[in-house]
> 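One structure is given below, represented as structure tokens, and several questions about it will come after.
Basis for what follows: all heavy atoms, side chains included, without hydrogens, waters or symmetry-related copies. First the proteins, then the strands, lettered A, B, ... as listed; each starts at 1. Keep in mind the model is a prediction, meaning the values are calculated, not measured.
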Number of protein chains: 2
Amino acid sequence: MPILTRMGDVFKALADPTRRTILDELTERDDQTLFEICVRLTSRHQLSLTRQAVSQHLAVLEEAGLITTRKQGRYKFHHLDTTPLAAIFERWPVTRKGQAP
Amino acid sequence: MPILTRMGDVFKALADPTRRTILDELTERDDQTLFEICVRLTSRHQLSLTRQAVSQHLAVLEEAGLITTRKQGRYKFHHLDTTPLAAIFERWPVTRKGQAP
DNA sequence: AGGATAGGCAAGCCGTCACTTGCCTGTCAA
DNA sequence: TTGACAGGCAAGTGACGGCTTGCCTATCCT
């Protein structure tokens, strides 16, 4: 798994609303397993998805560098990593009101 | 054209590499017309696209609130607006090294 | 050992999206 | 006023993405 992820992968990963919800879930509670994420997606976000669907979403997020995984026994924990998002602001600086043009 | 744009529209707009290149082009030189953007996409980014293709891309970007348009005679100028990007960081704070956990 | 649990692999379906093609509207200059 | 220029609308096509289904591997607990 390459440390340097392509910028397009980050945007592609963020393009799907389910994947954004997964990031929300990991923001609130980090280092969850695949099944934990499945359960919380259905119980808290009214999303009924197959385990494989969530697994594929997690693969996309990992390829984008937005999450890292850690295997421990038969469990695989998913850790949120928001550092790739910083590249967005370096590319297009956000102009807030009161800033110099 | 609503001022409040859906968050999903922003990510959908950023998902396409051509649209990201258009944002780059407007970052470097703001308030360009459709034809100017077409020319600069082909001459500076080796992208050969139809005028309609670029027009549709601009429509997506405008719907996402990332660009605003201003009609003047038969010209239509496109102005970059990066303020919708700020919502990304408010949603998932970027943790840089040296920050408190 | 053996069943239950956590996860992976691969093929197939269907909707969405990017792009093209063709034609139409509005504006400016000679 | 007529042609050239800037842009818009709409239908059609091909490819990619999200999701499912079915089956397989690995780890843990009696």
> Who are the side chain to side chain contact (heavy atoms under 4.5 Å, CB included) partners of B:Thr82, not counting sequence neighbours?
A:Trp92, A:Val94, A:Thr95, B:Leu80, B:Leu85
> Can you tell me how far the OG atom of A:Ser55 sits from the NZ atom of A:Lys76, to the nearest 0.5 Å?
7.0 Å
> Could I get the full list of side chain to side chain contact (heavy atoms under 4.5 Å, CB included) partners for B:Glu36, not counting sequence neighbours?
B:Arg29, B:Gln32, B:Thr33
> So, using side chain to side chain contact (heavy atoms under 4.5 Å, CB included) as the criterion, who are the partners of B:His45 when residues are at least two apart?
B:Thr21, B:Glu25, B:Leu41, B:Leu47
> Does the side chain of B:Glu62 come under 3.5 Å of the side chain of B:Thr69 through a donor N or O and an acceptor N or O?
yes
> What is the distance from NZ of A:Lys76 to C1' of C:dT5, rounded to the nearest Å?
16 Å
> Within the 4.0 Å limit for protein heavy atoms, which parts of nucleotides 20-30 of chain D are touched? Write it as a string from 5' to 3', B for base, S for sugar-phosphate only, - for none.
BBB----BS--
> Taking salt bridge (Lys or Arg N to Asp or Glu O under 4.0 Å) as the definition, give me every residue that meets it alongside A:Asp31, ordered by chain and number, with sequence neighbours left out.
A:Arg70
> Check each residue of residues 7-42 of chain B for a non-hydrogen atom within less than 4.0 Å of any atom in DNA chain D, then write out the ones that pass by number, or none.
B:Thr33, B:Leu34, B:Phe35
> Under 4.5 Å between side-chain heavy atoms, counting indirect links through other Ile/Leu/Val/Met/Phe/Trp/Tyr residues: same cluster for B:Leu61 and A:Met7 or not?
yes
> Side-chain heavy atoms under 4.5 angstrom apart, residues restricted to Ile, Leu, Val, Met, Phe, Trp, Tyr: same cluster for B:Leu49 and B:Leu26?
yes
